[in-house]
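Heavy atoms only: backbone and side chains are in, while hydrogens, waters and symmetry mates are out. Please read all numbers here as calculations on a predicted model, not as lab measurements. Chain A is the first sequence line, chain B the second, and so forth, proteins listed ahead of strands; every chain is numbered from 1.
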Amino acid sequence: VRGGGAEPDGQLSLDEAEAPADPAADARLAWELAGRQRELIEEFGLEPLLNEVEMPLIEVLAAMERVGVKLDAERLAEIGAGMAERIAQLQAEIYELAGREFTIGSPQQLGVLLFEELGLSRKRRGKTGYSTDARVLSQIRDEHEIIPRIEQWRELTKLKNTYLDSLPTLIDPETGRIHTTFNQVTAATGRLSSTNPNLQNIPIRSEVGRPVRSCFVAEPGHLLLSADYDQVELRVLAHVAGEDVLREIFASGEDIHTATAAEMLATDGREIGPAERSKAKMINYGIAYGLSAFGLADRLSIPREEAAAYIDRYFQRFPAVQRFIDETIERAEREGRVTTLLGRRRNIPELRSSNRQRKLLGERLAVNTVIQGTAADIIKLAMINCHRALADAGFATRLILQIHDELLFEGPETEIERAREIVVGEMKQAFDLDPPLQVEPGVGPDWLAAK
DNA sequence: GCGATCAGCAA
DNA sequence: ACACGTGCTGATCGC
């Protein structure tokens, strides 16, 4: 019996008091909804996507959730203890510099202290008051000794609260492992999501966050195998846009962001250094993630006009990308929807909005959904194929996580090299793309070492 | 206890 | 004046 109080992770609730008043009516409703859904699936030509991708994926996801992933709880606790000490020290220094105690974690109280009592430069403001987010703090870092300490305090408490303290509570006593829930139907683009816990946002970028990732480990005698698609979204873009300049960059094996920077900026005789690469990278990601000129300017901390100029420059060098975007938007406006290469469909009602900003959002969603959704289709196919190929080979290596463009496997060390060959082969062949898909594998005793 | 708000992690 | 990719989680705060 499933009560009205289903758990957020979709687990069945057996609370007698929450049992439905009329279970037969509930069952009938589900039956009737299924009939209507079948009609729509047929009308939209979605049977192949349903039958070849989403349905076969269910048992792959179920197996992944059942197997789970091992966490080194002792190591996690050690890292957490070190952090607790550092947080306490920072807190004392912050109170000392502030001249009083306050709730550091309250943006409201922090805003009063920084901008009213200490008189630091106010940057942006939110709905309710001053913004104190990471970008604001980095801009006023040199104005007061308290700022770098608050930045550190924020980073450490975030890591401790979100990962170090909560992950161990989710270890299943039966298996000693963490069992996430993958949601197949939440993300509008067709991506998966992960909850309770979310294992798709484990830190890796920052120095202090990275050790958290090394706490995800293989069982004794086993190893983790991580296999990443290299630049899958930009390859999808090159493919769907038919952009030969982009294809040539991939064929040459050059670093994509450096090469993009060279295309955009080198004609001015500009040297391509880290700053140029970083701008190009942001533009590449901007296209893949559907960022506006405003969002791009915000990320790069440059005026919007300058961001718009970079985007213009990008389109001059990659004209087929410009054509693809224009055609995708035109068609989406006519049809009210977009589809991925495998026929996944997303309605974009924003395109009919009279609000200019909302309309522009719709345009970016239309383009972004084709790219991100196609990448999601491809990796889902790869998951199904890897799962089947490993089983057919009689291997004990199991798929345990999917992180959008990465698959993580765990297997006996004796077979992991052969498993790697199978996985890389299946991932590359999952879809016939031009430029072709490329996969970067790595093996190690923990998740950090495997990358 | 709940929702709104702010903040920050990842691909 | 305002705007600002998504999904998930945690803390604070006011009701």
Side-chain angles (χ1 to χ4, degrees), chain A residues 8-9 102-111 124-138 150-151 153-167 169-170 180-183 185-206 208-210 212-213 226 228-234 282-301 304 307 346 350 355-369 371-373 375-376 379 401-408 447 451:
Chain A
D9 62 357
F102 66 104
T103 306
I104 308 172
S106 162
Q108 193 188 327
Q109 292 185 35
L110 185 63
R124 296 168 300 113
R125 42 180 305 116
K127 282 183 182 157
T128 51
Y130 317 108
S131 167
T132 69
D133 70 18
R135 214 155 40 267
V136 168
L137 294 186
S138 89
I150 291 168
E151 289 179 292
W153 184 93
R154 278 248 179 99
E155 184 174 21
L156 295 180
T157 52
K158 170 75 181 179
L159 290 169
K160 191 162 185 302
N161 293 332
T162 310
Y163 304 103
L164 298 167
D165 292 347
S166 58
L167 287 176
T169 71
L170 294 164
T180 185
T181 299
F182 287 106
N183 199 324
V185 293
T186 7
T189 56
R191 275 186 168 192
L192 298 177
S193 72
S194 158
T195 58
N196 195 19
N198 181 358
L199 294 184
Q200 292 180 320
N201 72 345
I202 300 302
I204 188 163
R205 296 179 191 175
S206 91
V208 282
R210 217 165 288 144
V212 175
R213 198 166 272 236
S226 159
D228 271 61
Y229 275 120
D230 176 62
Q231 303 295 344
V232 60
E233 270 137 357
L234 292 177
M282 206 58 89
I283 290 174
N284 279 331
Y285 272 102
I287 292 192
Y289 288 155
L291 237 51
S292 61
F294 188 96
L296 187 67
D298 205 34
R299 295 281 178 118
L300 290 172
S301 298
R304 201 187 64 235
R346 179 178 184 180
E350 290 87 348
N355 175 318
R356 199 179 97 91
Q357 192 191 330
R358 213 167 155 67
K359 167 72 166 54
L360 290 172
L361 172 67
E363 294 181 3
R364 298 196 303 276
L365 290 177
V367 174
N368 169 244
T369 296
I371 300 168
Q372 206 179 98
I379 197 159
L401 290 180
Q402 186 252 45
I403 312 97
H404 309 306
D405 66 352
E406 172 189 5
L407 298 180
L408 189 70
W447 194 2
K451 286 220 66 165

J.: Rounding to a whole Å, what distance do you find between A:Arg358:CZ and C:dG5:C1'?
T.: 14 Å
J.: Using a 4.0 Å cut-off to any heavy atom of chain A, which nucleotides of DNA chain B are the first and last in contact, reading 5' to 3'?
T.: B:dT5 to B:dA11
J.: Give A:Ala134 one of three labels, base, sugar-phosphate or nothing, depending on what nucleic acid heavy atoms sit under 4.0 Å from its own.
T.: sugar-phosphate
J.: Scan residues 188-205 of chain A for pairs that pass salt bridge (charged side-chain N to carboxylate O under 4.0 Å, His left out), counting only residues two or more places apart or in two chains.
T.: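 Checked against salt bridge (charged side-chain N to carboxylate O under 4.0 Å, His left out) - neighbours excluded - the pairs reaching residues 188-205 of chain A are A:Arg191-A:Glu233.
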J.: How would you list, by chain and number, every residue that makes a salt bridge (charged side-chain N to carboxylate O under 4.0 Å, His left out) with A:Lys160, sequence neighbours excluded?
T.: A:Asp165
J.: Taking side-chain contact (heavy atoms from CB on, under 4.5 Å) as the definition, give me every residue that meets it alongside A:Arg364, ordered by chain and number, with sequence neighbours left out.
T.: A:Ser292, A:Leu360, A:Leu361
J.: Are the side chain of A:Arg346 and the backbone of A:Thr189 linked by a donor-acceptor contact shorter than 3.5 Å?
T.: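 Not confirmed, A:Arg346 side chain does not pair with A:Thr189 backbone.
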J.: With A:Thr186, which residues qualify under side-chain contact (heavy atoms from CB on, under 4.5 Å), at least two apart?
T.: A:Asn183, A:Ser193
J.: Quick one: side-chain contact (heavy atoms from CB on, under 4.5 Å) partners of A:Ser226, sequence neighbours excluded?
T.: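 So A:Ser226 forms a side-chain contact (heavy atoms from CB on, under 4.5 Å) with A:Asp228, A:Glu406, A:Leu408, A:Ala450, A:Lys451.
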J.: If each of A:Arg304 and A:Arg346 is mapped to the nucleotide of DNA chain C with the nearest heavy atom, which maps nearer the 5' terminus, i.e. the 5' end?
T.: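 Comparing both residues, the 5'-ward one is A:Arg304.
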J.: Scan A:Arg205 against the nucleic acid and name what it touches under 4.0 Å (heavy atoms): base, sugar-phosphate only, or nothing.
T.: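 If one applies the 4.0 Å heavy-atom cut-off, A:Arg205 turns out to touch a base.
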J.: Separation of A:Asn368 atom CG from C:dG5 atom P, in whole Å?
T.: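 Atom CG in A:Asn368 sits about 10 Å away from atom P in C:dG5.
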J.: Residues in side-chain contact (heavy atoms from CB on, under 4.5 Å) with A:Arg358, at least two apart?
T.: A:Glu350, A:Ser353, A:Asn355
J.: Indicate, with a heavy-atom threshold strictly under 4.0 Å, whether A:Leu365 touches base, sugar-phosphate, or nothing.
T.: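 Here A:Leu365 touches no strand at all.
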J.: Any N/O pairs under 3.5 Å between the protein and nucleotides 10-12 of chain C? List them or say none.
T.:
{"from": "C:dT12", "atom 1": "O3'", "to": "A:Ser106", "atom 2": "OG", "distance (Å)": "3.4"}

J.: Applying ring pair (Phe, Tyr, Trp, His ring centres under 6.0 Å), can you list everything that pairs with A:Tyr163, at least two apart in sequence or on another chain?
T.: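 With sequence neighbours excluded, A:Tyr163 shows a ring pair (Phe, Tyr, Trp, His ring centres under 6.0 Å) to no residue whatsoever.
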J.: When all nucleic acid strands are considered with a 4.0 Å heavy-atom cut-off, which category describes A:Thr189: base, sugar-phosphate, or nothing?
T.: nothing
